[in-house]
Amino acid sequence: MSKDPKKTAQAAGPVVYCGPTIPGVAVQFTTYTNGVPTALEEATKENPVLGGLVVPLEQLPEVRHQFHTGAGRYYNLYRKAQGNG
């Protein structure tokens, strides 16, 4: 039985959207404690890469480190979300 990683992260506690800011949908590094808003959920259905950028709060330091160094899984997802990957 496979689990949806996004739902697992939400059930485990606060999550952070680490993708690029999407006007009217989500601002980068916003923390959500009761699941993601409907607009962001719809955006992740349209662009699944964005779903990989909704991470448990505990992973935020690692995500920020990857963004700073320009390498790693989250950095690559971010570049794809920007349309540069």
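Only heavy atoms go into these numbers, but all of them, side chains included; no hydrogens, no water, no symmetry mates.
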According to a hydrophobic-cluster definition based on side-chain heavy atoms being under 4.5 Å apart (Ile, Leu, Val, Met, Phe, Trp, Tyr only), do Val49 and Phe29 belong together?
yes
Considering non-hydrogen atoms only, spot the tightest contact between [X] and [Y] and give its length.
X     : Y     : answer
Ala43 : Val25 : CB-CG1, 4.1 Å
Ala26 : Leu40 : CB-CD1, 4.0 Å
Ala39 : Gly24 : CB-O, 4.4 Å
Gln28 : Thr21 : N-OG1, 3.1 Å

Taking atom [atom1] of [X] and atom [atom2] of [Y], what is their separation to the nearest 0.5 Å?
X     : Y     : atom1 : atom2 : value
Leu53 : Leu50 : CG    : CG    : 6.5 Å
Glu62 : His65 : CD    : NE2   : 6.0 Å
Leu60 : Tyr17 : CG    : OH    : 13.5 Å
Glu42 : Thr44 : CD    : OG1   : 7.5 Å

* Can you tell me if Tyr74 and Gln59 form a side-chain donor-acceptor pair at under 3.5 Å? -> yes
[X] side chain near [Y] side chain, heavy-atom distance below 4.5 Å:
X     : Y     : result
Lys80 : Tyr75 : no
Val54 : Cys18 : no
Thr31 : Leu57 : yes
Tyr32 : Pro14 : no

- prompt: Can you tell me if Gln66 uses its side chain to pair, donor with acceptor, with the backbone of Arg73 under 3.5 Å?
  reply: yes
### Task
Please answer whether the main-chain N or O of Gly72 pairs with a side-chain N or O of Asn76 as donor and acceptor at a distance below 3.5 Å.
yes
Item checked: Criterion side-chain contact (heavy atoms from CB on, under 4.5 Å) on Val15 and Val55, from CA distance to verdict -> CA-CA 5 Å; Val15 295; Val55 301; over 6 Å; no
